[in-house]
Every structure is written in C-alpha cells, then in structure tokens.
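One is the number of the first residue; the rest follow in order along the sequence.
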Amino acid sequence: MFVEPSVGSEGACRSQQTPRTAARMDEQALLGLNPNADSDFRQRALAYFEQLKISPDAWQACAEALAQRTYRYSELTTIQQQLIRETLISWLQAQMLNPQPEKTFIRNKAAQVFALLFVTEYLTKWPKFFFDILSVVGLNSRGVDLYLRILMAIDSELVDRDVVHTSEEARRNTLIKDTMREQCIPNLVESWYQILQNYQYTNSEVTCQCLEVVGAYVSWIDLSLIANDRFINMLLGHMSIEVLREEACDCLFEIVNKGMDPVDKMKLVESLCQVLQSAGFFSIDQEEDVDFLARFSKLVNGMGQSLIVSWTKLIKNGDIKNAQEALQAIETKVALMLQLLIHEDDDISSNIIGFCYDYLHILKQLTVLSDQQKANVEAIMLAVMKKLTYDEEYNFENEGEDEAMFVEYRKQLKLLLDRLAQVSPELLLASVRRVFSSTLQNWQTTRFMEVEVAIRLLYMLAEALPVSHGAHFSGDVSKASALQDMMRTLVTSGVSSYQHTSVTLEFFETVVRYEKFFTVEPQHIPCVLMAFLDHRGLRHASAKVRSRTAYLFSRFVKSLNKQMNPFIEDILNRIQDLLELSPPENGYQSLLSSDDQLFIYETAGVLIVNSEYPAERKQALMRNLLTPLMEKFKILLEKLMLAQDEERQASLADCLNHAVGFASRTSKAFSNKQTVKQCGCSEVYLDCLQTFLPALSCPLQKDVLRSGVRTFLHRMIICLEEEVLPFIPSASEHMLKDCEAKDLQELIPLINQITAKFKVQVSPFLQQMFMPLLRAIFEVLLRPAEDNDQSAALEKQMLRRSYFAFLQTVTGSGMSEVVANQGAENVERVLVTVIQGAVEYPDPIAQKTCFIILSKLVELWGGEDGPVGFADFVYKHIVPACFLAPLKQTFDLADAQTVLALSECAVTLKTIHLKRGPECVQYLQQEYLPSLQVAPEIIQEFCQALQQPDAKVFKNYLKVFFQRAKP
C-alpha cells in the first residue's frame, strides 16, 4: 500500500489539497504506523488519517492504494520490505500484551496480510517465517489464535480450490508446499500437538481452531505425521468432549479422506472403527445430539467410501485376498450405515447416502448376492421408502428454505432408488406394489404423507425401471401386469378426492407419466378427465394445483388425442369459463393465470384439430374458440386508445397481449399450412390477423403490443404461408416506427423467417424495406452511450449480430439482387459495415457471420461477370479483412467460437481463389503479404496451402499460420 509521496510533509496535512495529492497515499505519513516510529511520525500519521476521514477525495487515495498493492510491494527497497516484516512481527507481539483482543474481523484481516506476505517472501526473503511467528507466540492463547488464523489463511492461498489461480501462481504454490514439507511441516505438526495438548480442557475455541488447521493441512502433508498413535488417541479423546467432538469428527474425516495405498487405508479405517465402536460411538440410538450425529454420519460415510475405493483398486490390481478383506470390512459397516440412513434427522441421513449408493454399486457388480446382502438391499429399500415421506411440518402453501432442502434430499433418495432398481428390479417392484396396495386399500383413513409417498413410489418406478417410449405395459409380462394393476387401483380407488394438495398433485403427475396405460385400458379415461376438469383439478381450491393441472391436462390430452374423440365437445363445454379473457376492469379473479390459460387454449386447439369431425365442424368449433377473443380485442384496443392513466394503459395492453397469445397458442395444434387448410381454419386465422394488426399503429404501450403481434405473425407464416404475405409490408412499416434496439432485434428474425421461407416471392417487399430497416439499425447503433453502460453495449452487440444475421439470410437465400439494387452508395456502405464486423468488433459470433456473408458475395459477384468495381473491393477490403481480423489481439485462437470464425475466414479466402484464380495468388505473393513483412518462404508456403484442393488442409494451415504470426 506504499506509494511515492506526491507533496511535502506540510501539504499532506492540509485540508485543501490538489486533486492529484488527494488521490495518492502519503508514504512519509504511513511510516508513522510502525510501532517503533518516533512520536513526530506518529502524530503526523494520526493527523494524516484524521484529514483523510473528512476529505471528499479520500476514497480515491484508498482505492488507488488497494488497486496498486499487488505490484507496488515489489518496488519497495529491501529496507522498506524488512520494515514491513518487522512491523507485522511487532504487531503480533503487541497483541499478546493488549488488555483486550482485537475484533475477530481485524484478526482475520491481519492473518490474510501475513498470508499474502508469506506467499510473496517465503521462498526468497523470509524462509524462517513460521519459526519467527512461533518464537513470538509460544503457547500464549492470543498468539496461538493468530498463528492458527494465519495457517488457515495460508492454506486458503495455497490449496483452496474455490480460488482461481494463474498457472504461474499454481507453480509457485506447489513449490512453497514442497519447501514447507522439507523445512518446517514436522515443526508445525509438533506445534499443533502441543497446542491441542495444552488447551484441550481449558480453551475449546483454540482447540477447535487447531483441529480445523490439522484437517485442512492433512490433505497435502505426510499422513504419518498425523495418523499415528499419539495424535489419533488425542483426537479420539476429543470425540468424548462435547465442545470438541464435532471438530474432532471433521478432522478424522479429513484424515480418512487422504489418498493412500488401498491396504494401508483399509488398516487405518479398520483401526479407527474398532476404537470408535469400543468407545460406544456406534450406538446411534443412545445419542441425542443431532449436530454431532450429522458430523459422525459424514465420518462414517467417508470411512465407508474409502473402503469401497480400496476394494475397487484391489480388484483392479487383481489382489483378490485383500479385496475380499475390504469387502468384509465394508459389510461390517452396513448395519451402522442403515441406522444413520433411517435416522429421523434428514441431515444425518443425507450425509450417509454416498456410502449407501457406492455399496449398492458394488452389489451390482457381484454375480451372486449372499442372503445377508439381499437382506441389506431390502433394508435400504425400506429405509428409502420411509425417508421419502413428508413430515407434519412441511409447509406446502409457502415453501421456504427447509422445504427446498427436503426436495433436494428427496432427489438424493431417488438416485438410491434408481440404483436399487439396477441391483434388484424384481425386489423393488414387489416392495413398491406391497406398499402401494396396502396404502390405497385404506386411503381414506391413512395420513396424507403415507398416501402421497405410495403414489410417489409408483411414479418413481417409471424412471427406475426404464423402457423405451414409455412402453411400461408391454414386454415383460410380470412387470407390465404389476404396473397395470397399480394404475388400475390408482384411477378406480377414488384417491383423487383426497383432501391434500400433495396427494392430488401426485395423482395427476402419475396419471400423465403412465399415459400409455389408457391405451391399454381406455375405459378409465372418462373418470380421469372428470378429475382433471372438476374441483380435484382445474377448479381446485389451491392455485398451485390448478396451475400444475393446466399443464398436465394439456399433456394428457395431447398424448391421448386419438382416444379423445368421444369426449371433445363435452370437454370444450366444460372448459368454456376457463377460456374467458379477464379484462382488468371487471374485478373478476380468474381461476387460472394467463400463463395457465395458454395451456387450456392449446388443449382446445389440439382437441379440435385432431378430432374426427368434418372440416366444417372443425372450422365452426375453432371460430367459436377464437371469436370471443377477437371481439374482446377490438373493445379493449378502443379503450386503450382513450385511456389516460398509465397503469390502466399497461393493464389493458397486457390483456390485449394475452388475447393475441391465446390465439397464437391454439395454432400449435397445426404442423403446417396443409393441416390448417384441411381443417378449413385459414379464414378464421386471417380474421384474427386483421383484428390484431391495428394494434401495431397504437402509439401507447408499443413494446407489449408489438411483441404479441410479432409472435402471432411468426406462427401464421408457418400456418398460413403465402396467405400472410399481403399483411407483411404494412406490419413491418409500423414496427419500424420509433423502434429501439430490442424492437429491431425481435423484428429481424421475423424478416429472416419470411426471407428464408418465401425467397423470390418477397423480393419486391425486401427491396422496398431493405434501406428503411438498415437506417433504423444504424440510427440505434450510432446513438451515443456511456462508456461503462454495459447493458447498452450488450444491446448494441446483440443488434449487430441480428443485422449481420439478416444480411446472411438475404445473401444465403439467393437474394443478392436485393442488396445490389440499393444503389452504389448504399451497397458500399453495407459492404463496409460487413468488413467492420469481420475486423473491428471482438465478437467471434458476429465475425463468423460476416465472413459467411463475404464468402457468399464473392461466390455470387466475384467472377468476371460480377458488378463493376467488386473485384477491386475484394482486393482492397475483403482480402485484408481475412488477415487483419485474426491478427488482432482480441482474436483468441484458444476460443471455440473464434476458431469457427477463422474457419469461415479460410472459406472466404478459398472462395476468392476459386473465383479469381492465379490473379489472387499473384496479388498475395507480390503485393499484400509482402506489405505485412511476411518472409518470402512463408508467403510461398501460404500460397501453396491456399491452392490445395482439400479445404480442410487450408483451414488447419491458416490456424497454424496465425498462431506463428501472433506474438
């Protein structure tokens, strides 16, 4: 933090400073911070900092000092660096004499400073760092506290995987650790032992800190220094001291987790287990401290997984005898594992799941399971089923952090269930069937959580016993009949009427998951449809249930559309009120949100389109569905035009947007124009189009209205094809008025869709709107913005990409005459923007598009019969762009997107060579490459690569060429 003084000593203390002085720290004043400084220096330092406190520019001085500290330290003289070391040691000495310890955050910050100085100085100027600190702190409790904090800060600097290090820092850290192992680690370990021995009964805070240090360092020091009788016995002793045992548990976990020889690891774990068992730690049911048990569960998990890693290595090495011992050691831990897995506290249970999962993975690899192993599998299965159950405290209406944690825990249990299915699918199916059948037999008198979990298990079987395309009800007869049996029970038992949201939702989720059941037993469709449509589903008291059911109902109808024909008109009548567009002023609270209504409209569309009705009936039904929307739209648009209040304008615009969105969603039932015509629905959608388009000329709430109409046009291009074309010019003209970057970004994909689909058919339209569109784009791109306005910069970047994508679509759709017919001046302006996009903006996605455009234009215009002056443009601009872009420092050849841009650059050069032949080679050899000071032999090599018939050879060469050319 020390920098050169900018003014004399008097100037540093004046309240009126020059701006330059205010932005620099006064080094002379800072020297007063040294505990050994004389009183004059100290007084001056105090005055300086008092003045800094009240100076409005003080933040600049501090910010500059912070920003520059990383490289300023190295510029200090040896004496100044020595002074800093002495100052820190003096500060450390002072801490042991102060009547009150420093605040915790100051001690942590001081430890960080020591650590930063350590990584800078240890290898060169301060090899005695630890010995100097230990000689000062001894066994003084305050000194030990700081020593341990410094060790944790050093571990964080050297080892912490969350900290991103450069390759140079990583090399330095490795060298520091190697040097520490050679020079001081045994001394540090000895100091830890002394601290633990000295403070284990008198200062739990320091003891826990020391255990944390041991746990952190054990991963990269010689394990024998810690995994020995005196240390392990002490740690085991700590396991019996209430205030220490959680930290001791974590420390033992880190020891167990250390990588080592599989046989040695097995011996270490086994000896630990024996001592823990004899000390009574395996008697889980007698332990009431759940926080400790959570740590203990993590330790047992670590021991179990370590044994499994040893077994895997021994099997791989062919050491069958020791592998058998390892497996035996694993088996003896299963009873303890099961006790922890079934524990009522989910944290304790969650911490052992890794061991459980890996144990099942071993069983999966064994050819034959013993009776005990089979019993273990069944016990795990029962434990998972029990632990999947919600508890009474779960808040379904207002899910918070605890609920989110349980949902995550359930996902872990699901993975166990999937693994159980791999070990013994028959056992899993039989167990689930037993639980499911007994629960649903008496669902009326069973608690909600048990009913929910029974249905949930059936749902989970679909993934645990996977089949292709959901064909659960064919193939394996015993499995199919078991699932069919359970599904029949589910839909006929009446459980859909259970008065709890979790059961209701699980019922609908399961019905949709096993929709293929209804093709086997279609007689159950009516009762399930009624459940969806009445108070159990779409009209349920809970908004959460209604919302989820709207989506599931849509899926159910779509997947079973062939079975829906007998029920279509009944369904459409029953959902009539759910299709109501809710205007803001009627005060009526709709049962469904507008997002949920989208699914209902889509369902209605699917029912009509996939029905077996004649075209006239389909048309009538679709008109009945869409006419109310059109009528409401016209009324609401008139109201919007007259609305004065901005809030009312916004709510009306939202309602109008929903109307367009609903109409749009009904069209998802059609795959193309053919199906629209077959259903006789073209006319009704054209009516919608004519109803919605006037919204584009509304001066209020433009963003919302334009967005909805644009989406509708996208759909209609697919559904109505050329019938939409008469509406496009007027719509585009309105959308180009008063538009922002976002409007243009959303309009361009629509123009691209039209261009790519209709090509020559829309040539007159494109010719007419080409320059107005470009002028709107240029006007937005040229608007000034603040240098640090990142969102404006990103908007412009995305708009540039959209602009180049538009040019790529036009040129790639065989419509280059649209560009050519814009007049020489406009054509040149467009071409220059493409060259700029290829070279000047560090955006590889845009650069790739620009090179695609350039190569296409060269292909179309680069021959002898091309437009006048284009050949000159190729040599003056396109060829240089192919070199200048990759030579830029921002063109990162290690980035995948940039490599794709380079690939298109290579295609451009190849296309130029293809169209211009030897003339291109001659220009490169004699004029352009020599102007870049490329050596003659490299020029020769480049031209030979360019003339290779295989384009891939040149692409690979070009990458190497620019890698060599860049410093």
Side-chain angles (χ1 to χ4, degrees), residues 581 583-584 594-595 598 626 629-630 632-643 646-667 685-720 724-755 762 765-766 768-770 772-781 783 791-792 795-796 798-799 801-803 805-806 809:
L581 186 68
S594 55
D595 284 347
L598 285 169
L626 295 174
L629 285 178
M630 290 189 266
K632 280 264 178 71
F633 188 92
K634 287 171 188 168
I635 296 164
L636 290 171
L637 187 58
E638 282 176 24
K639 286 184 178 177
L640 174 61
M641 297 291 236
L642 300 170
E646 197 170 326
E647 200 174 315
R648 178 164 164 71
Q649 288 173 7
S651 59
L652 284 165
D654 274 343
C655 203
L656 286 162
N657 195 29
H658 294 153
V660 180
F662 297 157
S664 205
R665 196 61 169 256
T666 60
S667 73
Y685 281 109
L686 285 169
D687 288 351
C688 283
L689 203 49
Q690 283 175 315
T691 304
F692 299 151
L693 285 176
L696 293 175
S697 54
C698 176
L700 305 169
Q701 301 289 320
K702 294 194 300 289
D703 286 358
V704 179
L705 296 177
R706 286 178 180 181
S707 174
V709 176
R710 253 194 316 265
T711 305
F712 190 69
L713 280 167
H714 276 295
R715 284 295 312 154
M716 292 306 101
I717 288 164
I718 294 165
C719 294
L720 300 177
V724 175
L725 293 180
F727 300 95
I728 296 296
S730 161
S732 303
E733 191 181 324
H734 283 300
M735 285 190 275
L736 274 175
K737 282 180 187 164
D738 309 320
C739 52
E740 299 296 321
K742 186 171 176 288
D743 297 317
L744 288 165
Q745 274 176 54
E746 291 177 359
L747 172 60
I748 290 169
L750 181 67
I751 306 296
N752 289 349
Q753 186 187 7
I754 294 162
T755 306
V762 290
F765 157 69
L766 276 177
Q768 178 192 337
M769 64 88 59
F770 188 85
L773 175 61
L774 265 57
R775 274 193 285 273
I777 292 169
F778 296 158
E779 192 266 316
V780 171
L781 289 175
R783 278 180 203 163
S791 83
E795 270 200 338
K796 286 188 175 184
M798 300 312 288
L799 180 55
R801 284 185 189 176
S802 298
Y803 163 59
F806 167 62
T809 306

Would you be so kind as to tabulate the donor-acceptor pairs closer than 3.5 Å made by side chains of residues 652-662, with sequence neighbours excluded?
residue, atom, partner, partner atom, Å
Asn657, OD1, Gly708, N, 3.4
His658, ND1, Asp654, O, 3.3
His658, NE2, Ser594, OG, 3.3

Show me the donor-acceptor pairs within less than 3.5 Å that the side chains of residues 688-704 make with the rest of the protein, sequence neighbours left out.
residue, atom, partner, partner atom, Å
Thr691, OG1, Asp687, O, 2.7
Ser697, OG, Pro694, O, 2.8

Can I get a per-line list of side-chain donor-acceptor pairs under 3.5 Å for residues 742-755, giving both atom names and the distance, sequence neighbours left out?
residue, atom, partner, partner atom, Å
Lys742, NZ, Glu746, OE2, 3.1
Asp743, OD2, Glu740, N, 2.9
Gln745, NE2, Glu795, O, 3.3
Glu746, OE1, Arg710, NH2, 2.3
Gln753, OE1, His714, ND1, 2.5
Gln753, NE2, His714, O, 3.2
Thr755, OG1, Ile751, O, 2.7

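Between the side chain of Ser667 and the backbone N or O of Ala663 there is no donor-acceptor pair closer than 3.5 Å.
Note on residues 731-752: no pairs pass ring pair (Phe, Tyr, Trp, His ring centres under 6.0 Å), not counting sequence neighbours. Annotation: salt bridge (Lys or Arg N to Asp or Glu O under 4.0 Å) contacts involving residues 724-739, sequence neighbours excluded, are absent.
In this structure, the ring pair (Phe, Tyr, Trp, His ring centres under 6.0 Å) partners of Phe770, at least two apart in sequence or on a different chain, are Phe806. Partners of Glu779 according to the salt bridge (charged side-chain N to carboxylate O under 4.0 Å, His left out) rule, which considers only residues two or more places apart in sequence or in another chain, are Arg783. In this structure Ser664 satisfies the side chain to side chain donor-acceptor pair (under 3.5 Å) test with no other residue, sequence neighbours excluded. For Arg775, there are no side chain to side chain donor-acceptor pair (under 3.5 Å) partners, not counting sequence neighbours.
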>> Test side-chain contact (heavy atoms from CB on, under 4.5 Å) on Tyr803 and Leu773; report intermediate values, then the result.
In response: CA-CA 9 Å; Tyr803 163 59; Leu773 175 61; over 6 Å; no
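With contacts defined as side-chain heavy-atom distances shorter than 4.5 Å, the pair Tyr685/Cys719 does not qualify.
The two residues Ala741 and Val780 make their nearest non-hydrogen contact at CB-CG1, 3.7 Å. Between Gln649 and Ala643, the closest heavy-atom pair is NE2-O, 3.1 Å.
Distance check, rounded to the nearest 0.5 Å: CG of Leu774 to CE of Met769 gives 9.0 Å. For the atom pair Leu686 CG and Leu720 CG, the distance stands at 5.0 Å (nearest 0.5 Å). Atom CE of Met716 is separated from atom CG of Leu725 by 14.0 Å, given to the nearest 0.5 angstrom.
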